[in-house]
Peer 1: 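I'd like to ask you about the structure that follows.
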Amino acid sequence: MSQEKRIIGYWLALLAFSLLYSFVCKRYNFLRMKKYILAIDQGTTSTRAILISQKGEKLFQAQRPLECLFPKPGWVEQDPDQIWISVVDVINELLIVSGAKIEEVASIGITNQRETTIVWDKKSGKAIYNAIVWQSKETQEICERYRSHTEEIASKTGLRLNPYFSASKIRFILENVKGAEEKAKKGDLYFGTVDSWIIFKMTNGKNHFTDVSNASRTMLFNIFDTAWDPELLKLWKIPESMLPEVKENSCDYGEASFFHGGVHINGVAGDQQAALFGQCCYQNGESKNTYGTGCFMLMNTGNKPILSKNGLLTTVAWKLNGETTYALEGSVFIGGAVVQWVRDQMRWFEDSSDSEMYAKKRPDTAGVYFVPAFVGLGTPYWDDDARGSIFGLTRGADRHNITRAALYSIAYQSKDVIDTMKKEACLTLPVLKVDGGASSNAMLMQFQADILQCEVRIPKCVETTALGAGYFAGLGVGFWKNKHEIEVNHEFAKRYYPVMDPKEADKLYKGWQMAVKATRVFKGQ
């Protein structure tokens, strides 16, 4: 070999080594620098942001309360701009308090209150009406118009015809905002659940996306085809141009360019599906119950949807690597919100966390049953006309008894759902995984174990909704390699076992069923 060829070979080898060394160094620095997953949990009453470590630990948290508007009885709305502002606030606070830099965030995950509906002008990015919250009953009259299509809707979406879901909310906005129908036909309007609104804002109006779990709550999405259903869109007179593109839960939703730093959104899921994932309910039959403003029980049913005949909803849990996982769901409209009602309307205590101490001043409810049907009853009744009631009052009953009855109502409603789910899926329930704010109430959790006659487990990190979104985001960028790596980190902080005699539990529950029956007879005015 000539000297000239040897010199050229030497320089080529040196160049290859330099390139390899540079790549390894950059890769190492990238992995070393990316320390966190940032998860946003946009809920009905507050917005949270948490930083998650690779061990699945919650390192820091920021939270902002969010105001609900009640323009008419039964109507619940929110200001879309305030939702977005709360997201910006919690992210900024989180980074300041933690001392973390946005460049140290590997990915962003988003989870959100589902069904809440926003319609906005796609050019200006301004909402044309308030966000109509999932709890709102303002579209009940519209749903009545579609009553003859109940079976058709259920057979494609797994949902019941109810104001709870997004389709009737979109129709309400198009009918009640001047010029909205025409703008929608021209393709000038976007619809989104809260995740889509946040993604649109975070990407500076570039991306209009949602995930399969949120899409499955709109009453416009065919859960068998995992796609928007043309016949349902025609039925509801909603142009497809309004709808976001539907993506899997762990994939690239775009760069969060509003915050700079080059970080991308790689995980999105509706709050209850995120909590199911965050609780590591990855196997068929595993279940969780979230105690938030409402209570939501989900059971993983694997890769085949089970259409319920007993008032449950069939929903998409998540979609990963082309494979869809389904779940059965039961919904309690008023869970922790009953404690807020006692706090704010009756003013018996100042903080929701005081409810346990307050209720413990009496050993029982003195025979009182509180049915908090403030916005109707969810699973398995689906009675929109029912209204809240208190039964069994005697002169010996006082505010402490009533507060205890309010807490017990959360457990009773959850049992309504769980019993229905066990019947539907032909499964037993030896263990219930729980999370959400009210799961910190030891008295409530013990009563839940007693009335269900099963073990109740609380995870070390109760922010499982945010964790689930974070897990989806982390899987999307290789922060965690697989679900098994996540499961290894999942720990339980407390376990409750039933101590009540089964006959006593059965007697108390029969009293609850009588109270519900009486509530449904009296519809109010």
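For this chain, numbers begin at 1 and follow the sequence in order.
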Peer 1: Mind telling me whether F200 and W120 have parallel, tilted or perpendicular rings, with 30° and 60° as the class edges?
Peer 2: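 Plane angle between 30° and 60°, so tilted.
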Peer 1: Does the gap between the ring centers of F370 and W341 come in under 6.0 Å?
Peer 2: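 Ring centroids of F370 and W341 are less than 6.0 Å from each other.
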Peer 1: Taking C-beta and beyond as the side chain, do Q413 and P372 meet within less than 4.5 Å on heavy atoms?
Peer 2: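 In short, these two side chains touch, coming nearer than 4.5 Å.
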Peer 1: What distance do N289 atom CG and Q272 atom CD have between them, rounded to the nearest 0.5 Å?
Peer 2: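 Result: 8.5 Å between the selected atoms.
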Peer 1: Side-chain contact, heavy-atom cut-off 4.5 Å: Y291 with Q448?
Peer 2: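 Sidechains of Q448 and Y291: in contact.
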Peer 1: Does anything in residues 299-314 pair up under side-chain hydrogen bond (donor to acceptor under 3.5 Å, both in side chains), and if so which pairs, sequence neighbours excluded?
Peer 2: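 Every pair satisfying side-chain hydrogen bond (donor to acceptor under 3.5 Å, both in side chains) with a residue in residues 299-314: S308-E424, N310-E424.
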Peer 1: For F224, which residues count as a ring pair (Phe, Tyr, Trp, His ring centres under 6.0 Å) partner, sequence neighbours excluded?
Peer 2: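 For F224, no residue satisfies ring pair (Phe, Tyr, Trp, His ring centres under 6.0 Å) once neighbours in sequence are set aside.
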Peer 1: Is a side-chain N or O of K201 found less than 3.5 angstrom from the main chain of G125, in a donor-acceptor match?
Peer 2: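 Such a contact is found between K201 side chain and G125 backbone.
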Peer 1: In terms of ring plane angle, is the pair H208 and Y190 parallel, tilted or perpendicular, where the classes change at 30° and 60°?
Peer 2: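 It falls in the parallel class, under 30°.
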Peer 1: Can you label the angle between the F277 ring and the F472 ring as parallel, tilted or perpendicular, going by 30° and 60°?
Peer 2: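 The rings of F277 and F472 lie parallel, inter-plane angle below 30°.
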Peer 1: For residues 410-439, which residue pairs qualify under ring-ring contact (aromatic ring centres under 6.0 Å, His included), counting only residues two or more places apart or in two chains?
Peer 2: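 Found Y369-Y412, Y412-F447, Y412-W512.
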Peer 1: Less than 6.0 Å separating the ring centroids of F492 and H490?
Peer 2: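 That pair passes the under 6.0 Å test.
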Peer 1: Using ring centroids (six-membered ring only for Trp), state whether W228 and F191 fall under 6.0 Å.
Peer 2: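 So the answer is no for these two rings.
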Peer 1: Is a donor on one side and an acceptor on the other found under 3.5 Å between the side chain of W382 and the backbone of G311?
Peer 2: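 Yes; judged by distance alone, with no hydrogens or angles, the pair exists.
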Peer 1: Has the side chain of Q54 got a donor or acceptor atom that lies under 3.5 Å from a matching backbone atom of F479?
Peer 2: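 Indeed, once roles are kept as given, a pair shorter than 3.5 Å links the two residues.
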Peer 1: Counting C-beta onward and ignoring hydrogens, is there a side-chain heavy-atom pair between V212 and T324 closer than 4.5 Å?
Peer 2: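 Contact flag for V212/T324 side chains = no.
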Peer 1: One thing to verify: whether K288 and D435 come together as a salt bridge, which I'm taking to mean a side-chain N less than 4.0 angstrom from a carboxylate O.
Peer 2: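 No, D435 and K288 are not salt-bridged.
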